[in-house]
Amino acid sequence: MTDLLGPAVSPATVAEAEAAQEELRARVELVSGLRGWPVTVAGLDVSYEAGSSRVAAAAVLIDVATLATRESAVVTGTASFPYVPGLLGFREVPILLEALAKLTDRPDVLVCDGYGIAHPRRFGLACHLGVVTGLPSFGVAKTAFTATFEAPETERGQWSPLLDGAETLGRAVRTQSDVKPVFVSVGHRVTLDEATDLTLALSPHYRLPEPTRRADALSRAALRPAGQDARRVSPPGG
DNA sequence: GCGACAG
DNA sequence: ATCTTGTCGC
């Protein structure tokens with residue numbers, strides 16, 4: 001089928017992808033589109049198979065107040081774009097959209113595994129997904145990327161700014177006391193304060209927010225043959 | 001020029 | 001991301 005949207009959706013080269021990001025960044029809205037505290041949030045994540053291009057994407061819809069899982073969807077497919085730092089969106093957005101489409105209810109906000117605005121061209125995965133879906137979104141990354149930061153105080157809830165010179169791109173947030181911080185940045189139609197508060201509300205027990213934790217587990221399990229979940233098969237030596 | 005580099 | 005054994009701790 002003809003790709004009517006061109007490079008903005010499926011770039012053929014790194015140069016085209018970077019150019020597309022420069023175009024798409026103009027569509028990011030740095031104001032809140034939330035109507036008060038959200039009722040539901042969808043956590044998203046993608047898992048990869050070792051020596052192949054097979055991937056699995058999961059979307060888990062969670063009730064923010066109770067953290068109960070309302071519904072979840074998982075889909076397997078093939079990665080159509082290589083991993084290139086700064087271009088993660090082109091690799092994961094397509095299959096994540098498929099997983100999102102399988103959800104019955106529309107989430108109030110998306111939580112992504114990676115960065116939003118704290119990106120070389122200010123258009124990380126969370127911005128990409130937000131712009132394409134029109135939904136509020138933000139990212140929670142596990143490791144540092146482009147910005148500089150000082151370690152936040154060690155108590156849960158403490159944070160320090162992610163900086164690029166004088167520009168604030170996000171926050172290093174301590175979701176658990178004495179545990180490495182996570183990196184929160186805005187994606188689309190969400191403020192940094194909202195993203196920070198949500199990250200903390202969604203991470204009562206572990207370092208990572210429940211939505212992305214559950215999406216990670218689901219996508220990972222989807223790559224395993226049926227019947228081998230949480231069980232060891234063909235142990236070395238018989 | 002060289003290294004580092006979300007997932 | 002994934003490859004990997006044991007180990008310390010709640």
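Chain naming here is simple, since letters A, B, ... match the order of the sequence lines and numbering starts at 1 in each. Side-chain atoms are counted along with the backbone in the values below, which use heavy atoms only and exclude waters and symmetry mates.
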Novice: Could you give the CZ-to-C1' distance, from A/F145 to C/dA1, as a whole number of Å?
Specialist: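 So the two atoms are 14 Å apart, to the nearest Å.
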Novice: Report yes if a side-chain nitrogen or oxygen of A/T143 is closer than 4.0 Å to either non-bridging phosphate oxygen (OP1 or OP2) of B/dG7; otherwise report no.
Specialist: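 Checking A/T143 against B/dG7: at least one side-chain N or O falls below 4.0 Å of OP1 or OP2.
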Novice: Is the backbone of A/E153 close enough, under 3.5 Å, to the side chain of A/R174 for a donor and an acceptor to pair up by distance?
Specialist: yes
Novice: With a 3.5 Å distance limit and no angle check, can you tell me whether A/T148 reaches the backbone of A/L163 through a side-chain donor-acceptor pair?
Specialist: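 Here the side-chain-to-backbone pair exists.
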Novice: Does C/dA1 have its OP1 or OP2 closer than 4.0 Å to a side-chain nitrogen or oxygen of A/R91?
Specialist: no
Novice: Of the listed nucleotides (C/dC3, B/dA6, B/dG7), which one gets closest to any side-chain atom of A/A50?
Specialist: C/dC3
Novice: For a quick test of reading the model, state the closest non-hydrogen atom pair linking A/L135 to A/H188 and the distance between them.
Specialist: O-CD2, 3.6 Å
Novice: When all nucleic acid strands are considered with a 4.0 Å heavy-atom cut-off, which category describes A/L87: base, sugar-phosphate, or nothing?
Specialist: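 Counting heavy atoms under 4.0 Å across all strands, the contact made by A/L87 includes a base.
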Novice: Counting a pair only when it is Watson-Crick or G-U and both distances are under 3.5 Å, which runs of at least 3 such pairs involve DNA chain B?
Specialist: none
Novice: Identify the heavy atoms of A/A58 and A/L96 that sit nearest to each other, and give their distance.
Specialist: O-CD2, 4.3 Å
Novice: What does A/A144 touch in the nucleic acid at a heavy-atom separation under 4.0 angstrom: a base, only the sugar-phosphate, or nothing?
Specialist: sugar-phosphate
Novice: Using a cut-off of 4.0 Å on non-hydrogen atoms, how would the nucleic acid contact of A/G86 be classed: base, sugar-phosphate, or nothing?
Specialist: base
Novice: In this structure, how many angstroms lie between the C1' atom of C/dT2 and the CG atom of A/L223, rounded?
Specialist: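 Atom CG in A/L223 sits about 11 Å away from atom C1' in C/dT2.
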Novice: Expressed in angstrom and rounded to an integer, what is the separation of A/I95 atom CD1 from B/dG7 atom C1'?
Specialist: 14 Å
Novice: Would A/Y83 count as stacked on C/dA1 if the rule is ring centres under 5.5 Å and plane angle under 30°?
Specialist: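 Stacking is absent between C/dA1 and A/Y83, given that the ring centres and planes do not meet under 5.5 Å and under 30°.
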Novice: Of all heavy-atom pairs between A/C127 and A/V186, which one has the smallest distance, and what is that distance?
Specialist: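 That would be SG-O, 3.9 Å.
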Novice: Side chains of A/Q176 and A/V182: does their closest heavy-atom pair fall under 4.5 Å?
Specialist: no
Novice: Pair up each side-chain donor or acceptor in residues 105-118 of chain A with any protein partner under 3.5 Å, not counting sequence neighbours, and list the distances.
Specialist:
residue, atom, partner, partner atom, Å
A/R106, NH2, A/T133, O, 2.9
A/D108, OD2, A/V39, N, 2.8
A/D108, OD2, A/T40, N, 3.0
A/D113, OD1, A/K142, NZ, 2.8
A/D113, OD2, A/K142, NZ, 3.4
A/Y115, OH, A/T143, O, 2.6
A/Y115, OH, A/F145, N, 3.3

Novice: State which residue, out of A/R220, A/R224, A/R54, fulfils the side-chain contact (heavy atoms from CB on, under 4.5 Å) condition with A/S47.
Specialist: A/R220
Novice: Can you tell me if the side-chain N/O atoms of A/Y48 get under 4.0 Å from OP1 or OP2 in B/dG7?
Specialist: no
Novice: Over how many whole Å does the gap from A/R54 atom CZ to C/dT2 atom P extend?
Specialist: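 Value for this atom pair: 12 Å.
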Novice: Can you run through DNA chain C from 5' to 3' and write each base as (, ), [, ], | or . depending on how it pairs? Watson-Crick or G-U wobble, both distances under 3.5 Å.
Specialist: ..........
Novice: I need the CG-C1' distance between A/D113 and C/dA1, as an integer number of Å.
Specialist: 10 Å
Novice: Considering the options A/L44, A/T78, A/V46, A/L100, which one meets the side-chain contact (heavy atoms from CB on, under 4.5 Å) requirement together with A/I95?
Specialist: A/V46
Novice: On the nucleotide B/dA6, are OP1 or OP2 found under 4.0 Å from the side-chain N or O atoms that A/K142 carries?
Specialist: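 So the side-chain polar atoms of A/K142 never come under 4.0 Å of the phosphate oxygens OP1 or OP2 of B/dA6.
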Novice: Quick one: A/R122 CZ to B/dA6 C1', roughly how many Å, whole number?
Specialist: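 Going from CZ in A/R122 over to C1' in B/dA6 covers 14 Å.
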Novice: Under 4.0 angstrom, heavy atoms only, what part of the nucleic acid is A/S47 near: base, sugar-phosphate, or nothing?
Specialist: sugar-phosphate
Novice: Rounded to the nearest Å, what distance is computed from the CZ atom of residue A/F183 to the P atom of nucleotide B/dG7?
Specialist: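 The answer, rounded to whole Å, is 9 Å.
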Novice: The test is ring pair (Phe, Tyr, Trp, His ring centres under 6.0 Å); show your working for A/Y83 and A/Y48 and say whether it passes.
Specialist: CA-CA 11 Å; A/Y83 170 68; A/Y48 300 81; 8.4 Å; no
Novice: Measure the distance from CZ on A/F90 to C1' on B/dG7 and round it to the nearest whole Å.
Specialist: 15 Å
